[in-house]
Each structure stands twice: as C-alpha cells, then as structure tokens.
Amino acid sequence: MKILVTGGAGFIGSAVVRLAVSRGHAVVNLDALTYAACLENVAPVADSPLYAFEQADIRDPEALTAIFARHKPDAVMHLAAESHVDRSIDGPGAFIETNVMGTYNMLQAARSFWEAEGRPESFRFHHISTDEVYGTLGATGQFTEETPYAPNSPYSASKAGSDHLVRAWHETYGLPVVLTNCSNNYGPYHFPEKLIPVVILNALAGKPLPIYGDGSNVRDWLYVEDHADALLLVLEKGALGRSYNIGGENERSNLELVQTICAILDKLRPGDAPYADLITFVTDRPGHDARYAIDPTRIREELGWRPSVTVEEGLERTVRWYLENEDWWRPLLERHGVGERLGKA
Ligand SMILES: NC(=O)c1ccc[n+]([C@@H]2O[C@H](COP(=O)([O-])OP(=O)(O)OC[C@H]3O[C@@H](n4cnc5c(N)ncnc54)[C@H](O)[C@@H]3O)[C@@H](O)[C@H]2O)c1
C-alpha cells in the first residue's frame with residue numbers, strides 16, 4: 001500500500017513512517033518542517049526506495065493537490081498538527097490554522113483525488129486525534145468512543161474541530177475515513193519540550209524537574225511504537241466511518257511518572273544524590289485537565305489490539321534511548337521556546 005503520512009517528521013508520525021516502511025509499505029512523508037520536526041527521526045528509512053519526502057504545508061491547498069496527483073496514494077494517515085498545549089495557550093491562532101483549516105484542506109484535496117480516481121472503496125483517510133477532545137475525568141470512569149466532546153484547551157478544541165470535519169466528510173461526501181483518539185504518548189524521538197524528555201534531560205543537567213500544580217494530574221501513557229502499530233492496524237482493518245480509542249492502560253499521576261523516571265536514572269546513571277531531589281512544583285497550567293483514561297475495549301475486541309509494553313518497560317527503554325542519543329537531542333534544545341516556561345496565560 002502507498003500511504004501519504006502527514007507530519008511524518010514529528011514524534012508519532014516518524015514512528016508510523018519507520019514502522020510502515022519496515023512492513024513493506026511505500027510512504028510519502030508530507031511535512032512543513034516546523035520547529036517540532038526533525039528529519040533525523042526518519043533517518044533509519046530515508047534511503048529506502050519505499051520512502052519519499054515532500055516538504056509542504058497543509059495550510060497550502062495547491063501544494064496538497066499537486067502531491068496527491070504526483071503520488072496517487074492508496075491511503076492517508078493525517079498526523080500533521082500543532083501539538084503542544086502550552087504553546088496553544090500563548091498562540092492559539094496557529095492551532096486553528098493548521099489543525100482545523102489544515103485538516104479541511106487535507107479533506108478537500110483527498111476528496112478531489114478520490115473522486116477523480118472513481119471513488120475507490122479501498123481508499124482510506126485516517127485522521128489521528130487525541131483523547132484530550134473528551135475534556136477531563138474525575139477520579140473514576142474512562143473515555144469511550146461515545147463520551148461527549150468537551151475540549152478545554154485551544155489545542156484540544158482545535159483537534160475536536162478537525163475530528164468533526166472528518167466525520168462530516170464521511171457522512172456528507174462518502175469519503176472513506178477512520179478516526180483514532182489516543183492517550184499521551186512517550187518514547188524515542190519525543191521533542192524535548194514535552195514532560196518526559198524535559199524530566200530526563202533536566203535531570204541529566206542537574207536542573208529542577210518542573211511539575212505543574214501538585215503533580216496529581218493523571219495521564220494514561222502509551223509507548224509510541226505501540227501507538228504506531230495500533231494506527232496501522234486501524235488503517236488496514238478499522239470499520240469505515242468508525243472511531244477507535246487507543247490507550248496504554250497505564251494510568252500514572254505526573255508525580256508518580258517523574259518519580260519512576262528518577263528511579264530509572266538512579267539505576268542507569270547514578271548521581272551524587274537521588275534525582276528525585278530535583279523535583280520542583282511550579283504554577284499549574286490554566287485549564288489543566290485533571291485526569292485522562294481510555295477505555296480501549298473497542299480496539300481490543302474488534303481488532304484484537306493491545307499494548308506490548310508496560311509503562312515501566314517503556315520508560316526504561318526511553319531513558320536508555322536518551323542516554324545513547326545525545327547527538328539527536330542536544331541541538332533541539334536551541335530551538336525557539338524550548339526550555340522556557342510557556343502557556344502561563
Ligand atoms: N503526542 C501525543 O501524546 C499525542 C497523543 C494523541 C494524539 N496525538 C496527535 O498525533 C499527531 C502527532 O503528534 P506528535 O506528538 O507527533 O506531534 P509533533 O509536534 O511531534 O509533530 C507534528 C509534525 O507535524 C508537522 N506540521 C505541523 N504543522 C504543519 C503544517 N502546517 N503543515 C505540515 N506539517 C506540519 C511538524 O513539522 C511536525 O513534524 C497530532 O495530530 C496530535 O494531535 C498526539
């Protein structure tokens with residue numbers, strides 16, 4: 001299958017590109033190369049005859065039309081997005097332009113191409129979204145695919161808007177779509193402005209480990225390579241027009257998560273004092289959702305998917321990867337906004 005992956009130079013998109021090529025799919029990676037992108041993320045497959053790269057912006061409809069005509073993909077996996085909640089608080093406009101308008105442009109370009117090709121039933125437009133569209137949970141309960149949308153941040157609102165567009169393009173125009181909403185990812189190639197890489201890299205530098213509020217916010221963590229595996233499964237086997245929640249069944253409070261990372265570092269790179277001594281509580285993020293948890297029953301029962309690693313195993317792999325790949329992360333620390341406290345509003 002030839003898959004057009006948008007956002008393939010980012011964290012999750014690059015995991016999809018690497019896995020898809022390793023499974024014998026042809027991949028066209030469409031990415032604007034924003035501050036969050038890194039072409040080194042796809043270096044392991046960049047020389048493969050199955051891989052092609054197109055630097056393009058999903059806010060540019062003409063560029064998208066040309067790329068569909070040039071490559072004639074069998075499927076689209078749409079991951080390109082502005083993805084950092086803190087940045088969405090400081091500058092929501094870019095999130096509306098890329099996540100809402102960009103998705104609209106992708107849908108229109110895909111629809112024109114699909115109609116010109118005779119509306120093949122096998123074509124797929126897979127929209128990759130987040131569990132943050134459901135808003136926040138209390139101490140109990142889980143998000144199912146039937147949970148009403150109630151996004152709380154400009155980021156999650158922009159993703160919710162894009163999900164609604166994708167659903168409407170299926171209902172109105174018949175475009176063959178599938179949707180997924182996933183919990184927090186972590187793993188290799190995670191851009192060093194997100195919590196887990198920030199904690200690992202600050203600890204190695206002897207800097208404070210910032211935790212928002214009292215650290216009680218709970219997230220359901222999923223190893224990025226497990227997510228990529230689930231995404232390819234939904235692309236190939238998911239029912240048309242259906243959405244699937246993807247989660248790791250690994251709920252941890254932010255404080256527990258950071259303490260686990262510190263314990264792994266104490267083992268792999270012992271310092272003079274326990275790394276947990278560096279934990280520092282900082283002013284909370286405005287609108288910070290208390291808890292996310294995914295009910296993955298649908299993807300497990302209908303498609304037979306479940307995550308392959310626990311959060312402890314995945315975190316140890318991740319810490320080892322950062323210890324071994326300083327050449328990857330060191331230059332990224334110089335990028336705009338990295339290492340600064342953003343989104344205090
Ligand atoms: N990170 C998570 O935990 C998580 C969880 C669930 C869903 N998601 C979703 O998965 C997708 C990928 O997330 P990520 O964490 O890999 O993001 P990321 O920020 O690491 O990567 C985003 C990629 O999209 C590209 N991009 C941004 N704007 C673009 C534009 N206008 N045109 C073309 N390319 C553009 C960037 O250059 C970058 O390579 C997003 O849609 C996100 O909403 C992320």
Side-chain angles (χ1 to χ4, degrees), residues 4-18 28-42 53-61 63-64 67 76-88 91 93-106 109 126-134 143 151 153-163 166 179-197 219-228 230-231 234 243-248 250 292 294 314 332 335 337-338:
L4 176 61
V5 177
T6 71
F11 169 47
I12 301 171
S14 67
V16 170
V17 168
R18 295 189 304 270
V28 180
N29 177 5
L30 185 168
D31 200 296
L33 300 183
T34 71
Y35 82 95
C38 195
L39 279 176
E40 282 84 352
N41 299 8
V42 289
F53 177 65
E54 291 278 3
Q55 182 168 0
D57 196 315
I58 61 169
R59 294 170 297 181
D60 177 353
L64 301 183
I67 288 169
V76 175
M77 297 178 80
H78 176 41
L79 296 102
E82 290 289 342
S83 71
H84 191 36
V85 176
D86 288 343
R87 287 186 193 253
S88 83
F95 287 70
I96 305 307
E97 287 168 17
T98 282
N99 300 359
V100 182
M101 289 305 296
T103 299
Y104 162 73
N105 292 333
M106 281 298 300
H126 181 175
H127 179 61
I128 285 82
S129 191
T130 166
D131 62 352
E132 301 191 28
V133 297
Y134 298 121
F143 298 133
S153 73
Y155 164 67
S156 54
S158 69
K159 291 297 293 188
S162 67
D163 293 9
V166 174
L179 298 94
T180 48
N181 294 81
C182 186
S183 61
N184 283 47
N185 282 219
Y186 69 97
Y189 303 101
H190 206 180
F191 192 74
E193 65 179 352
K194 304 280 172 79
L195 177 64
I196 290 177
R219 301 291 180 263
D220 178 357
W221 292 96
L222 178 65
Y223 193 60
V224 66
E225 290 171 10
D226 278 340
H227 186 194
L231 292 177
V234 171
S243 71
Y244 297 85
N245 282 355
I246 307 172
N250 277 310
Y292 304 141
I294 287 277
L332 301 180
R335 293 205 181 168
V338 176

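All residue numbers refer to positions in the sequence shown, counting from 1. Both counts, for ligands and for their atoms, begin at 1 and track the order of listing.
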Check: Thr98 side chain, Phe95 main-chain N or O, donor-acceptor pair, under 3.5 Å: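 Not at all, since once roles are kept as given, no pair shorter than 3.5 Å links the two residues.
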Residue Phe53 excluded, over 12 heavy atoms near CZ under 6.0 Å: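 Atom CZ in Phe53 is packed in, count exceeds 12.
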What protein heavy atom sits nearest [atom], and how far off is it?
| atom | result |
| --- | --- |
| atom 35 (C) of ligand 1 | Ala80 CB, 3.8 Å |
| atom 18 (P) of ligand 1 | Ser83 OG, 3.6 Å |
| atom 40 (C) of ligand 1 | Leu79 O, 3.2 Å |
| atom 26 (N) of ligand 1 | Thr34 CG2, 3.9 Å |

Quick test of your reading of the structure: of [options], whose heavy atom lies closest to [atom]?
| atom | options | answer |
| --- | --- | --- |
| atom 22 (C) of ligand 1 | Gly7, Ala9, Ala81 | Ala81 |
| atom 29 (C) of ligand 1 | Ile246, Asn99, Asn181, Thr98 | Thr98 |
| atom 16 (O) of ligand 1 | Thr6, Val224, Ile12 | Ile12 |
| atom 42 (C) of ligand 1 | Tyr155, Phe191, Tyr189 | Tyr155 |
| atom 7 (C) of ligand 1 | Ser129, Cys182, Ser162, Gly247 | Ser129 |

[X] contact mode with ligand 1 (heavy-atom cut-off under 4.0 Å):
| X | value |
| --- | --- |
| Lys159 | side chain |
| Ser183 | backbone |
| Leu33 | backbone |

Polar contact flag, side-chain donor to acceptor under 3.5 angstrom, Tyr186-Arg219: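 Per modelled atom types, Tyr186 and Arg219 side chains form no pair under 3.5 Å.
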Shortest non-hydrogen separation from Ala9 to Leu39 and the atoms involved: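 Scanning both residues completely, I find the closest heavy atoms to be CB-CD2, 4.1 Å.
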Polar proximity ligand 1 side, Glu82 side, N/O cut 3.5 Å exclusive: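 No, Glu82 has no N/O under 3.5 Å of an N/O on ligand 1.
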